[in-house]
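Just below is one structure, and these are the notes that go with it.
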Amino acid sequence: MSGKKIAVIPGDGIGPEVIDAAVQVLKAVCSDLYFQNFEAGYECLKKNGYAITGDMTAEISKFDAVLFGANTTPPDLRNYKGYKSPILTLRRDLGLFANIRPVKSIFKNTGLDLLIFRENTEDLYVQREFMRGGEAVAEKIITEKSSRRIAELAYKQARANRRKKMTIVHKANVLKLTDGLFRNACRDVASGYPEITTEDRLVDSFCCQLVVDPGMFDCILTMNLYGDIISDLAAGIGDGLGFAPSCNLGDDIALFEPVHGSAPDLAGQNRANPIAAVLSAAMMLEYLELTEQARIIQSAVAGTLKKGFTRTFDMGGDGRTGDMTLEILKQIDIIVKENVIYGR
Ligand code: NAI
Ligand code: MG
């Protein structure tokens, strides 16, 4: 029995649709999780005048883990002075310093298998933007402490997962102080992990190489903004955003979310691929040390893809979010009854 408490933030757009799928799947493998829904995001802002509150963050911090859908950035931001992005607020206030984004091709089976480690609290994401005369200025903050913290975590996880290579991604030829500090801190940590080959690359040529020959890369360690962009790029090279899960890890709590956003072009149509959210839920179970249950979900997704009865539009089919979810639930049933585990 686990009795773990999960805070659920479905959010906006396709968020509620894919999170509904993830929660159904979680309930199918684990009967004693406790779920509590929280309202945050653009819809909440329009309804209540706030996107997230300090009280909500404090309440959420008491949970064991958070499952997050996606938020829409208000297109009419100037109408909402003091708007706070829920996901950035939660990453900062819950101390979620590491964003871990595995990108593994399980649908097209291209062999792509990356583990991206993104520093989650600094860089341009501190959102210190201001006008100075005619100049728009954004401060990029990189500290030794946070750079070492993400590097330590990345190397520890790479070692635990028997990964062979770490690529530190930066632009230190131009940003000598900020990116230079990050690269040097990571290099320093790397010296304690001699069995892992470390290289560093400039972000622009790295992106080109990633597209040309993704098999060259294994683990990627980078700053906040490059990590955001690279993980969407990697998802695009792999099976697409509908397949990319992620974990935001802190010392006391972790938040799990699909890499994709709220996809307003799909919202309310029951067409979004729920697999990214379902695999994020499986990552959450791994974090909660419910490893067997996580494995059942991963295997059920693999089985669903193998059988190929349902394909959402991003997979070239016309299956609905609900159809895909039902298929995954069916596979869970088979696995639990017959103990058939599909390889991931
Ligand atoms: P997006 O990730 O929402 O969508 C990009 C493209 O991928 C769209 O064509 C969409 O239809 C497709 N897509 C996304 N998820 C999919 C899924 N599960 N199945 C099939 N196709 C899928 O990024 P976009 O359009 O740039 O941003 C939309 C909104 O989401 C914006 O307001 C943005 O600020 C927000 N956003 C929120 C994030 C979060 O809450 N963590 C992350 C990224 C964007
Ligand atoms: Mg992103």
Side-chain angles (χ1 to χ4, degrees), residues 11-13 40-46 49-54 57 68 70-99 101 116-147 149-150 168-186 200-208 210 220-236 241 246 248 257 259-265:
D12 305 312
Y42 183 44
E43 293 304 325
C44 175
L45 177 68
K46 285 190 285 187
Y50 58 82
I52 188 162
T53 63
T57 313
F68 183 90
N71 281 151
T72 299
T73 305
D76 46 354
L77 251 185
R78 67 183 61 180
N79 295 337
Y80 298 102
K81 287 227 156 41
Y83 164 77
K84 285 207 263 176
S85 152
I87 188 64
L88 297 185
T89 303
L90 289 165
R91 284 175 184 165
R92 191 191 55 235
D93 293 356
L94 298 179
L96 307 174
F97 65 91
N99 197 327
R101 298 185 156 189
I116 301 172
F117 298 95
R118 162 190 177 192
E119 202 290 323
N120 217 19
T121 62
E122 299 192 329
D123 200 346
L124 289 161
Y125 277 72
V126 295
Q127 292 183 297
R128 291 190 207 150
E129 286 190 291
F130 53 91
M131 294 304 297
R132 187 172 52 205
E135 294 175 336
V137 182
E139 288 181 354
K140 171 163 172 147
I141 305 296
I142 304 292
T143 65
E144 168 94 22
K145 187 172 167 231
S146 298
S147 304
R149 184 170 59 170
I150 184 69
I168 302 163
V169 181
H170 60 84
K171 186 78 183 173
N173 58 335
V174 176
L175 298 166
K176 294 186 171 60
L177 289 180
T178 47
D179 286 28
L181 188 156
F182 182 81
R183 180 200 53 200
N184 294 346
C186 292
D200 65 81
R201 284 180 181 264
L202 299 173
V203 62
D204 43 358
S205 63
F206 165 79
C207 286
C208 177
L210 184 63
I220 293 151
L221 170 56
T222 192
M223 284 156 275
N224 208 341
L225 182 59
Y226 306 146
D228 183 28
I229 297 166
I230 289 167
S231 45
D232 271 44
L233 178 66
L241 279 172
S246 79
N248 297 262
E257 52 163 346
V259 168
H260 63 71
S262 63
D265 52 330

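Given the structure is predicted, the values throughout are model-derived calculations rather than measurements.
- Heavy atoms of other residues, nucleotides or ligands lying less than 6.0 angstrom from CG of Leu177 number 12 at most.
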- Task: Under the side-chain contact (heavy atoms from CB on, under 4.5 Å) rule, what do Thr222 and Val203 come out as? Steps first, then yes or no, please.
- Result: CA-CA 9 Å; Thr222 192; Val203 62; 5.9 Å; no
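- No donor-acceptor pair under 3.5 Å is formed between the side chain of Gln127 and the backbone N or O of Glu129.
- Between Pro74 and Tyr83, the shortest heavy-atom contact is CD-CZ, 3.4 Å.
- Rounding to the nearest 0.5 angstrom, the gap separating the CZ atom in Arg201 from the SG atom in Cys207 is 11.5 Å.
- Taking CD of Glu139 as the start and CZ of Phe130 as the end, the distance is 4.5 Å to the nearest 0.5 Å.
- At least one donor-acceptor pair closer than 3.5 Å links the side chain of Asn71 to the backbone N or O of Ala40.
- Leu202 CG to Ile168 CD1: the interatomic distance, rounded to the nearest 0.5 Å, is 12.0 Å.
- Of all the heavy atoms in Ala51 and Cys44, the pair that sits closest is O-SG, 4.3 Å.
- Nearest heavy-atom pair across Val259 and Ser231 is CG1-OG, 4.5 Å.
- Distance check: Thr178 OG1 to His170 NE2 gives 11.5 Å after rounding to the nearest 0.5 Å.
- When the salt bridge (Lys or Arg N to Asp or Glu O under 4.0 Å) test is applied to Asp200, the partners found at least two apart in sequence or on another chain are Arg187.
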Per-pair distances, 0.1 Å, donor-acceptor, side chain in residues 90-97, under 3.5 Å, sequence neighbours excluded:
{"unit_1": "Arg91", "atom_1": "NE", "unit_2": "Asn248", "atom_2": "OD1", "d": "2.9"}
{"unit_1": "Arg91", "atom_1": "NH2", "unit_2": "Glu257", "atom_2": "OE2", "d": "2.8"}

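- Asn224 pairs in a side-chain hydrogen bond (donor to acceptor under 3.5 Å, both in side chains) with only one of the listed residues (Arg118, Glu122, Lys140), which is Arg118.
- A cation-pi geometry, defined here as NZ or CZ lying under 6.0 Å from the six-membered ring centre and within 45° of its normal, does not hold between Arg183 and Tyr226.
- Rounded to the nearest 0.5 Å, atoms OG (Ser246) and NE2 (His260) are 9.5 Å apart.
- Inter-residue side-chain proximity for Arg149 and Thr121 is flagged as met; some heavy-atom pair is nearer than 4.5 Å.
- Taking CG of Leu225 as the reference point, atom CD1 of Ile230 lies at 9.0 Å (rounded to 0.5 Å).
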- Lys46 and Tyr80: CA distance, side-chain angles, deciding distance, side-chain contact (heavy atoms from CB on, under 4.5 Å) verdict: CA-CA 9 Å; Lys46 285 190 285 187; Tyr80 298 102; 3.5 Å; yes
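- Each of Asp228, Ile141, Asn120 was scored for a side-chain contact (heavy atoms from CB on, under 4.5 Å) with Tyr125, with one residue passing: Asp228.
- Of the listed residues (Val169, Asp123, Ile142), just one forms a side-chain contact (heavy atoms from CB on, under 4.5 Å) with Phe182, and that residue is Ile142.
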